[in-house]
A.B. asks: 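Got a structure for you, written out below as C-alpha cells; questions coming shortly.
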Amino acid sequence: MADTNKQIAAIFDQMADVLQILDANRFRIIAMQKASRVIKELPNDVSTMSHKDLLALDGVGKGTADKIVEFCETGQIVEHKELLKEIPKGLPALLDIPGLGAKTVALLWNEANIVSIKSLEKALKKPETLTSIKGLGQKKIEAIAKNLSFIEQAGKRYTLGRAHLKAVYFVAQMRQLPEVAQAAFAGSLRRGRDTVGDIDILVAADPKHSAKITKHFVSLEPVKETIVSGKTKTSVRTKGGIQIDLRIISPDAYGAALMYFTGSKEHNVRLRERALSMGMSLSEYALTNKKTEKVIASETEADVYKALGLDFIPPELREDRGEISAAEAHKLPKLVTDRDIHAELHAHTHASDGLLSIRELAGLAYDRGFHTIAVTDHSKSQVQAHGLDESRLEQHIIDVHAVRDEMTGKINVLAGAEVDILSDGKLDYSNSLLKHLDIVVASPHVALAQTGSTATKRIIKAINNPYVHIIGHPTGRLLMRREGMSPDMSEIIKAAVERGIALEINANHHRLDLRDTHARAAIEAGCLLAINTDTHRPNDFNELQYGILTARRAWAEPKNIVNCFTEAKLQKWLKSCRP
DNA sequence: GCCGTTTTCGGCCCGACTGTTTTCAGTCG
Ligand SMILES: Nc1nc2c(ncn2[C@H]2C[C@H](O)[C@@H](COP(=O)(O)OP(=O)(O)OP(=O)(O)O)O2)c(=O)[nH]1
Ligand SMILES: [Mg+2]
Ligand SMILES: [Mg+2]
Ligand SMILES: [Zn+2]
C-alpha cells in the first residue's frame with residue numbers, strides 16, 4: 001500500500017469514528033469504513049488513479065472518489081477537518097476501550113464532560129457522578145474502569161504462526177471431552193490471514209452439554225479470565241493476553257456455524273444478502289426458507305454454498321474480494337497446495353547465517369521430495385549475517401558444486417546467492433560475479449524506511465539487473481515489528497512482468513512478504529511468484545504452510561508459482577531470465 | 001455513503017451476551 005493510500009484510509013477511519021460518536025447514519029459509517037478497507041487493500045497508489053478509475057472500485061462512489069481526489073490535489077479533506085472540530089480531540093481514543101462503544105462515549109462526553117482517557121480516569125475516581133447518569137449503572141462503570149487497562153491490547157494482532165500453535169493446543173484440549181463431536185479453529189486463522197486479532201474456536205456438541213464444555217474451556221491452563229460467557233459462546237483472555245472465542249453449536253448446524261465463524265464478516269454479509277435476494281435467510285444455525293422458515297442446508301459448508309447457487313469457496317478466499325461472483329460463474333481458481341511445491345529457491349547455510357551445512361540442507365529438501373534446492377547465502381554487505389565477500393562466494397560455489405555432484409540423480413542443487421539490494425537499487429555483487437550463479441535472489445535488507453517513490457525506483461532497478469531471478473521479501477516488512485517499504489506495487493509488478501522474473505512470497509510467518517493483496521495483483525498482471533521459506537534452521541521448511549496460505553489468499557494456482565514447475569520447466573525459466 | 005437481471009429510492013446480516021431495562025439498547029462476534 002502506497003503512502004497516500006495509508007493516509008487516506010486513516011482519514012476515513014477517523015471520520016467514521018467521529019461520525020459514530022455524533023450518532024450519524026450507521027450505513028454511512030459502514031460505507032466509510034468499507035472505503036477505507038478498499039483503499040488499504042489496493043496495490044497501487046490512488047494518486048495515480050483517475051476519478052473514473054476510483055468510481056469503478058467496489059464501495060467507492062462519487063462522495064469517496066471526490067474526497068480522494070481532493071486529498072491528492074490539496075493534501076487534505078475539508079470535510080475531515082470540519083468533522084474533527086465537532087468533538088474533543090481525545091474522545092475517539094475512548095472507543096479503544098473494550099466494551100465501550102460510540103453511544104456510551106457520547107453519553108460520557110455530553111453528561112460528564114469527559115473528553116479524553118485522562119479525564120475519564122479522573123472521573124472514575126468519584127464514580128457516583130457517573131453512575132447517576134441515566135443508562136449507566138455501577139456495573140458498567142466498574143467494567144469501564146477495569147477495561148481501561150486493556151486499551152493497549154485493543155486492536156493488537158498476532159502472527160499467524162504464533163496463533164496457529166496456540167489454536168492447535170486449544171482445539172486438541174477441547175477434543176479431549178467425549179461430549180465434543182467436532183472442534184476446529186475458524187476466523188482469520190482458518191482464512192490464513194497474515195496476522196490475527198484473536199483465536200476463534202468452534203465446537204460441535206449437543207447443547208445440553210454446553211455448561212460442562214464451557215467449564216472445561218475456561219479451566220484450561222493458559223486461560224486467565226473470562227470476558228463473557230453464555231450458553232453458546234464464551235470469550236476468555238489468556239495469560240499471554242490473547243483473546244480466545246469459543247462457540248458451541250449443535251452438530252447438525254456445524255456447516256452453517258463453521259461458515260459463520262470462519263467469516264470474514266464482509267463475506268458473511270454478502271452471503272446473507274444473497275440469501276435474502278433468493279428468498280432465504282442465512283445465520284450461523286442454517287440457511288432457511290424466509291417464508292416457511294424450513295431449513296434448506298446447515299450440516300456442511302458445501303451444502304450451504306450449493307444451496308446458494310455457489311461453488312465451494314475455500315476459506316482463504318472468503319474476504320469479499322470477488323469470490324462470490326467467481327463462485328457463481330464457476331470461475332474460482334484451482335488453488336495451489338503444499339503438494340504442488342517441488343523446489344525451495346531461497347535457503348541459507350552456515351556459510352552465512354544459517355545453521356545447516358550445504359549437505360544437510362540438500363538432504364532436508366530431498367526428504368521433502370523436492371527436485372531442486374537453491375543455496376542462497378547472504379552477500380557481503382550483510383555483515384551481521386556473515387555475508388560472503390567475492391572470494392568466499394567463489395569458494396562457496398565450488399563447495400555447492402561438490403554437493404551437487406554427490407546428489408546427482410537425487411536432487412538438483414543450485415549455486416545461488418541472496419544478494420542485497422542496496423539503498424540505491426544497486427546490487428551487492430558485480431554482474432561479472434552474478435552471472436556465474438545458477439540463481440540470484442535479490443532482497444532489500446537495509447534502508448527500509450525510505451519513501452515509497454524511492455523504494456519503487458530502488459526495487460525496479462534491481463528487477464532490471466539482467467542476472468536476477470527473484471526479488472526476495474520485496475518490502476522487507478516484519479509483521480508487528482517493522483512496516484517495511486511502501487513502493488507502488490503496480491509499478492514493481494509491471495517491471496517484473498517485463499523481465500519475466502518472479503516476486504517472492506517469503507513464507508516465514510514474520511514476513512509473509514509479498515502480502516496477499518500484492519501477490520494477487522501480481523498474478524492478475526501475469527507476474528510469476530516464488531514461495532520460499534528462506535530456510536535458516538532445520539524446522540524452517542515448516543514455514544511453507546504459511547506461504548501457501550498467503551499464496552492461496554492471492555488466488556494463486558500452481559502455474560503462477562515457479563516452485564511448482566517441473567525440473568525442466570524451472571531450468572528453462574532460469575535460463576530465460578538471463579541475457 | 002453505496003448500489004441496482006425485481007430498484008436511481010429505499011433499502012443496507014443476523015444473533016449472543018450484558019446491564020438496567022420492566023421490554024430493550026449497546027456492544028460484539
Ligand atoms: N454475520 C456476521 N458475522 C460476523 C460479524 N462479526 C464477526 N463475524 C464472524 C466472521 C468472523 O470471521 C468471525 C470471527 O470474528 P472475529 O472478530 O474474530 O474476526 P476475524 O477472526 O475474521 O478477524 P480477527 O483477526 O479476529 O480480527 O465471526 C458480523 O458483524 N456479522
Ligand atoms: Mg478472529
Ligand atoms: Mg473472535
Ligand atoms: Zn534469506
Side-chain angles (χ1 to χ4, degrees), chain A residues 12 15-16 19-21 23-38 54-68 79 94-108 131-144 146-147 154-155 186-188 196-202 207 210 214 226-235 243-249 253 256-257 259-288 290 308-309 320 325 328:
Chain A
F12 286 164
M15 290 175 74
L19 286 167
Q20 251 183 319
I21 293 170
D23 199 22
N25 179 289
R26 47 187 275 261
F27 300 108
R28 190 179 158 208
I29 294 162
I30 291 169
M32 196 147 272
Q33 289 166 337
K34 176 163 188 190
S36 165
R37 178 175 72 95
V38 168
L54 291 168
L55 277 179
L57 297 171
D58 185 55
V60 175
K62 186 173 180 314
T64 304
D66 286 350
K67 289 189 192 77
I68 294 172
E79 194 180 326
L94 268 63
L95 293 171
D96 288 338
I97 300 170
L100 193 56
K103 290 285 190 322
T104 314
V105 169
L107 201 60
L108 289 168
T131 49
S132 62
I133 297 170
K134 188 167 181 288
L136 293 180
Q138 195 186 335
K139 286 195 172 169
K140 268 195 184 166
I141 295 305
E142 275 170 8
I144 291 171
K146 179 170 190 295
N147 289 335
S188 50
V196 306
D198 68 357
I199 293 170
D200 302 294
I201 292 181
L202 180 67
S210 153
T214 300
T226 303
I227 302 166
V228 292
S229 185
K231 272 182 68 70
T232 74
K233 64 184 265 196
T234 293
S235 292
Q243 180 172 326
I244 322 267
D245 292 343
L246 178 76
R247 189 78 202 246
I248 304 169
I249 209 112
M259 270 175 77
Y260 152 72
F261 216 26
T262 297
S264 66
K265 175 187 168 184
E266 291 78 10
H267 178 84
N268 288 354
V269 170
R270 284 270 186 201
L271 288 183
R272 288 168 183 214
E273 285 170 350
R274 179 181 177 88
L276 284 176
S277 76
M278 296 170 74
M280 301 183 276
S281 172
L282 177 62
S283 75
E284 60 265 52
Y285 295 104
L287 180 69
T288 54
K290 189 88 184 150
L308 286 168
D320 186 26
S325 43
E328 182 176 38

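All chains are named by letter (A, B, ...) in the order of the sequence lines, taking the proteins before the strands, and each is independently numbered beginning at 1. Keep in mind the model is a prediction, meaning the values are calculated, not measured.
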A.B. asks: Side chain of A/Glu284 only, heavy atoms from C-beta on: which candidate in B/dG19, B/dG15, B/dC17 is closest?
C.D. replies: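 Shortest atom-to-atom distance from the side chain points to B/dG15.
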A.B. asks: Atom CG of A/Leu107 and atom P of B/dG26: how far apart are they, to the nearest Å?
C.D. replies: 9 Å
A.B. asks: In whole Å, measure the gap between the C1' atoms of B/dT7 and B/dC2 for me.
C.D. replies: 14 Å
A.B. asks: Which part of the nucleic acid does A/Asn268 contact within heavy-atom distance under 4.0 Å: base, sugar-phosphate only, or nothing?
C.D. replies: nothing
A.B. asks: Taking the C1' atom in each of B/dC3 and B/dT8, what is the distance between them to the nearest angstrom?
C.D. replies: 9 Å
A.B. asks: Taking NZ from A/Lys62 and C1' from B/dG4, how many angstroms apart are they, rounded to a whole number?
C.D. replies: 19 Å
A.B. asks: Identify whether any heavy atom of A/Leu271 sits under 4.0 Å from a base atom; if not, whether one sits that close to sugar-phosphate; answer base, sugar-phosphate or nothing.
C.D. replies: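 If one applies the 4.0 Å heavy-atom cut-off, A/Leu271 turns out to touch nothing in the nucleic acid.
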A.B. asks: So does A/Tyr285 get a backbone contact from the side chain of A/Ser283, meaning a donor-acceptor N/O pair under 3.5 Å?
C.D. replies: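 Present.
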A.B. asks: What's the shortest heavy-atom distance between A/Ala24 and A/Arg28, and which atoms?
C.D. replies: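 Residues A/Ala24 and A/Arg28, closest heavy atoms: CB-NH1, 4.4 Å.
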A.B. asks: Can you check the distance between B/dT5 and B/dG1, where both ends of the measurement are the C1' atom (answer in whole Å)?
C.D. replies: 24 Å
A.B. asks: Distance check, P atoms only: B/dT20 and B/dC13, in whole angstrom units.
C.D. replies: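 About 30 Å, rounded to a whole number of Å.
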A.B. asks: Starting at CD1 of A/Ile97 and ending at P of B/dT18, how long is that distance when rounded to a whole Å?
C.D. replies: 20 Å
A.B. asks: How far, in whole Å, is B/dC9 from B/dT18 if one measures between their C1' atoms?
C.D. replies: 37 Å
A.B. asks: Is there a side-chain contact between A/Glu266 and A/Arg37 (heavy atoms, below 4.5 Å)?
C.D. replies: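 The answer is yes, as the side chains (C-beta and beyond) meet within the 4.5 Å cut-off.
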A.B. asks: Answer yes or no: is there a donor N or O on one side and an acceptor on the other, between the side chain of A/Thr214 and the main chain of A/Ser210, under 3.5 Å?
C.D. replies: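 Flag set: sc A/Thr214 to bb A/Ser210 pair under 3.5 Å.
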A.B. asks: Give the nucleotide from the list B/dG29, B/dG1, B/dT18 with an atom nearest to the side chain of A/Val228.
C.D. replies: B/dT18
A.B. asks: Check whether any side-chain N or O of A/Ser281 sits under 4.0 Å from OP1 or OP2 of B/dC13, and answer yes or no.
C.D. replies: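 It does not, given that no N or O in the side chain of A/Ser281 lies less than 4.0 Å from OP1 or OP2 of B/dC13.
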A.B. asks: Assess whether a salt bridge exists between A/Asp23 and A/Lys103, defined as any Lys/Arg side-chain N lying under 4.0 Å from an Asp/Glu carboxylate O.
C.D. replies: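 Salt bridge between A/Asp23 and A/Lys103, a charged N being under 4.0 Å from a carboxylate O: yes.
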A.B. asks: Provide, to the nearest angstrom, the distance between the OH atom belonging to A/Tyr285 and the C1' atom belonging to B/dC13.
C.D. replies: 15 Å
A.B. asks: Which of the following nucleotides, B/dG1, B/dA16, B/dG29, is nearest to the side chain of A/Met32?
C.D. replies: B/dG1
A.B. asks: Rounded to the Å, how far apart are A/Gln243 CD and B/dC17 C1'?
C.D. replies: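 The answer, rounded to whole Å, is 13 Å.
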A.B. asks: Just to verify, which of A/Lys265, A/Arg270, A/Arg272 counts as forming a salt bridge (Lys or Arg N to Asp or Glu O under 4.0 Å) with A/Asp320?
C.D. replies: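 Only one of A/Lys265, A/Arg270, A/Arg272 forms a salt bridge (Lys or Arg N to Asp or Glu O under 4.0 Å) with A/Asp320, namely A/Arg270.
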A.B. asks: With P as the reference atom in both, quote the distance from B/dA25 to B/dT21 in angstrom, rounded to an integer.
C.D. replies: 13 Å
A.B. asks: Is there a side-chain contact between A/Gln33 and the phosphate of B/dG1, meaning an N or O under 4.0 Å from OP1 or OP2?
C.D. replies: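 No, A/Gln33 has no side-chain N/O under 4.0 Å of OP1/OP2 on B/dG1.
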A.B. asks: Whether A/Tyr260 contacts B/dC28 is assessed here as follows: a side-chain N or O lying under 4.0 Å from the phosphate OP1 or OP2. Is that the case?
C.D. replies: no
A.B. asks: Categorize A/Ser229 for me: base, sugar-phosphate, or nothing, with a 4.0 angstrom heavy-atom threshold over every strand shown.
C.D. replies: sugar-phosphate
A.B. asks: Below 4.0 angstrom from OP1 or OP2 of B/dT27, is there any side-chain N or O of A/Thr104?
C.D. replies: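 For B/dT27, OP1 or OP2 has a side-chain N or O of A/Thr104 closer than 4.0 Å.
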A.B. asks: Any base atoms under 4.0 Å from A/Leu100, or only sugar-phosphate, or nothing? Heavy atoms, all strands.
C.D. replies: sugar-phosphate
A.B. asks: Looking at A/Arg28, I'd like to know whether one of its side-chain N or O atoms comes within less than 4.0 Å of OP1 or OP2 on B/dG1.
C.D. replies: yes
A.B. asks: Within the structure shown, what part of the strands sits under 4.0 Å from A/Glu266 by heavy-atom distance: base, sugar-phosphate, or nothing?
C.D. replies: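 A/Glu266: no heavy atom of the nucleic acid under 4.0 Å.
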A.B. asks: When all nucleic acid strands are considered with a 4.0 Å heavy-atom cut-off, which category describes A/Ala102: base, sugar-phosphate, or nothing?
C.D. replies: sugar-phosphate
A.B. asks: Looking only at side-chain atoms of A/Thr232, point me to the closest of B/dC13, B/dA16, B/dG29.
C.D. replies: B/dA16
A.B. asks: Under 4.0 Å between any heavy atoms, over every strand shown, what does A/Arg26 touch: base, sugar-phosphate, or nothing? Just pick one.
C.D. replies: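 Here A/Arg26 touches no strand at all.
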A.B. asks: Starting from the 5' end of DNA chain B, give me the residue, A/Leu276 or A/Gly101, whose nearest nucleotide shows up first.
C.D. replies: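 The residue mapped nearer the 5' terminus is A/Leu276.
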A.B. asks: Could you check whether any side-chain N or O of A/Ser277 sits under 3.5 Å from a backbone N or O of A/Arg274, counting only pairs where one atom can act as donor and the other as acceptor?
C.D. replies: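 Yes; at least one donor-acceptor contact below 3.5 Å.
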A.B. asks: When all nucleic acid strands are considered with a 4.0 Å heavy-atom cut-off, which category describes A/Gln138: base, sugar-phosphate, or nothing?
C.D. replies: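 Sugar-phosphate contact only - A/Gln138 comes under 4.0 Å of backbone atoms but never of a base.
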A.B. asks: Take the protein atom CZ of A/Phe27 and the nucleotide atom C1' of B/dG4, then report the distance between them rounded to whole Å.
C.D. replies: 17 Å
A.B. asks: Counting only Watson-Crick or G-U wobble pairs whose two distances fall under 3.5 Å, which nucleotide matches B/dT8?
C.D. replies: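 The answer is none; no pair meets the criterion.
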A.B. asks: Remember a base hit wins even if backbone is also touched, and classify A/Lys265 as base, sugar-phosphate or nothing at under 4.0 Å, heavy atoms.
C.D. replies: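 Base, at least one base heavy atom under 4.0 Å.
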A.B. asks: Walk me through it: do A/Gln243 and A/Asp245 pass the test side chain to side chain donor-acceptor pair (under 3.5 Å)?
C.D. replies: CA-CA 7 Å; A/Gln243 180 172 326; A/Asp245 292 343; 2.9 Å; yes
A.B. asks: Which residue lies toward the 5' end of DNA chain B, A/Thr234 or A/Leu136, if each is placed at its nearest nucleotide?
C.D. replies: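 Here A/Thr234 is the residue nearer the 5' end.
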A.B. asks: Which whole-number value in Å describes the distance from A/Lys139 NZ to B/dA25 P?
C.D. replies: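 Spelled out: NZ on A/Lys139 to P on B/dA25 is 20 Å.
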A.B. asks: Can you identify which nucleotide, out of B/dC3, B/dG29, B/dC12, has its nearest atom closest to the A/Glu273 side chain?
C.D. replies: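 Nearest nucleotide to the side chain: B/dC12.
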A.B. asks: What is the nucleic acid contact for A/Asp200, judged by heavy atoms within less than 4.0 Å: base, sugar-phosphate only, or nothing?
C.D. replies: sugar-phosphate
A.B. asks: Could you state the CD1-P distance from A/Ile144 to B/dT27, rounded to the nearest angstrom?
C.D. replies: 9 Å
A.B. asks: Counting heavy atoms from C-beta on, name the nucleotide in B/dT18, B/dG29, B/dC2 closest to the side chain of A/Thr64.
C.D. replies: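 The closest nucleotide is B/dC2.
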